[in-house]
Amino acid sequence: MEKKPRILFIGAHHEEIEAECPNTAAALTLAGCEVTILNPVGGWNWTFIRSLGENGRERTIADATAAAAELGCKKVIWDYPVAQADRYRDEMMDRMAQFLVDYSPEIVFIHWPRDSHADHRIVAHVSRHILGPAVNIIPGSAPDFKPPVEVYAYQTGVGQAYNFIPDVLVTTDSTTMAMADRCIDCFNNTAPTSVPHWKKNFHTKAAYWSNLSGTEGAEAFKFLGPRLPLTGFRLKEILGERMQPAPLEIYNCNPDFQL
């Protein structure tokens, strides 16, 4: 039996991927991939989680796990505090490197590093760093480990990620959006006031990028390497017509892009 392609999404905290690019995660599981969402930041020191009472952590993990399952994904959440993530940067790097080697994904999605949220920036930089030298970070050896062939950055909230100019789009449809809606609704038990905002976030972005894709909707990504493939993108092989190039000519009036 052919081995399923392994895909890893790394998002700072427990609802990150579900609120930012759930359609793409859903599309990958529908395409037969094994998809894992890693959230290094637990965020149990958030006021809204502490207000849930002594079982707030467990309830939050249960909701996040159920949300990922609606997308067909596995969820892994660690305990690094959201407002103190920088204190644990080195430990996080070691642990994420070991996770990467153990899981051995073909494709990895990470935060766009130019983000207004400090924990997003930290996780973005740690993620990007470990993708290459992971085998030099872990304490043991991993002679059979193969680094990811492709790395992409995703867009967080419209008011959070800035200077985000995508290279590729992944189109949405009624099936993936229904999965995304069911997914985010799982957080109604622990974050009912946030769910409408999170849902509006990915619906709004999908509608905006539909102007470039010419489809019902789309989610946008920046290709980060590790090197430019010469025989085709692996993500394109998996997603087929769902993956489209972003037409960069719309940015030709941007002074930062003028030749």
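The residues of the chain are indexed from 1 along the displayed sequence. All values derive from a computational prediction rather than experimental measurement.
- Side-chain polar atoms of D94 and Q98 form no donor-acceptor pair below 3.5 angstrom.
- Between V108 and I110, the closest side-chain pair of non-hydrogen atoms falls below 4.5 Å.
- Judged by distance alone, with hydrogens and angles left aside, the side-chain atoms of E15 form no donor-acceptor pair with the main-chain N or O of A64 at under 3.5 Å.
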Go through the steps to decide whether H13 and H120 satisfy the test ring-ring contact (aromatic ring centres under 6.0 Å, His included), and finish with yes or no. CA-CA 9 Å; H13 40 78; H120 295 180; 5.3 Å; yes
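- The shortest non-hydrogen separation linking I49 to G42 is CD1-O, 4.4 Å.
- Sequence neighbours left out, the pairs with a member in residues 179-197 that pass salt bridge (Lys or Arg N to Asp or Glu O under 4.0 Å) are E70-R182, D185-K199.
- In this structure the side chain of L71 never reaches within 4.5 angstrom of the side chain of T176, judged on heavy atoms.
- Between atom CG of residue D63 and atom OG1 of residue T65 there is a gap of 8.5 Å, rounded to the nearest 0.5 Å.
- The closest donor-acceptor contact from the side chain of H14 to the backbone of G43 lies at 3.5 Å or more, if one exists at all.
- Side chain of R121 to main chain of P113: no donor-acceptor pair is present (N/O by atom type, distance under 3.5 Å, no hydrogens or angles).
- Within the model, atoms CD1 of I107 and CD of E237 stand 8.5 Å from one another, a figure rounded to the nearest 0.5 Å.
- Taking 4.5 Å as the limit, some side-chain heavy atom of F221 sits within range of a side-chain heavy atom of T24.
- The main-chain N or O of A220 is never found under 3.5 Å from a side-chain atom of K205 such that the two would form a donor-acceptor pair.
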Would you please test W112 and Y154 for ring-ring contact (aromatic ring centres under 6.0 Å, His included) and show each step? CA-CA 6 Å; W112 176 242; Y154 56 85; over 10 Å; no
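- Note on residues 28-37: pairs passing salt bridge (Lys or Arg N to Asp or Glu O under 4.0 Å), not counting sequence neighbours, are R6-E34.
- In summary, of the residues considered (F223, F9, F164), a ring pair (Phe, Tyr, Trp, His ring centres under 6.0 Å) with Y152 occurs for F223 alone.
- Side-chain contact between K236 and R242: absent, with no pair of heavy atoms (C-beta onward) separated by less than 4.5 Å.
- Residues F48 and T193 fail the side-chain proximity criterion, which asks for heavy atoms closer than 4.5 Å.
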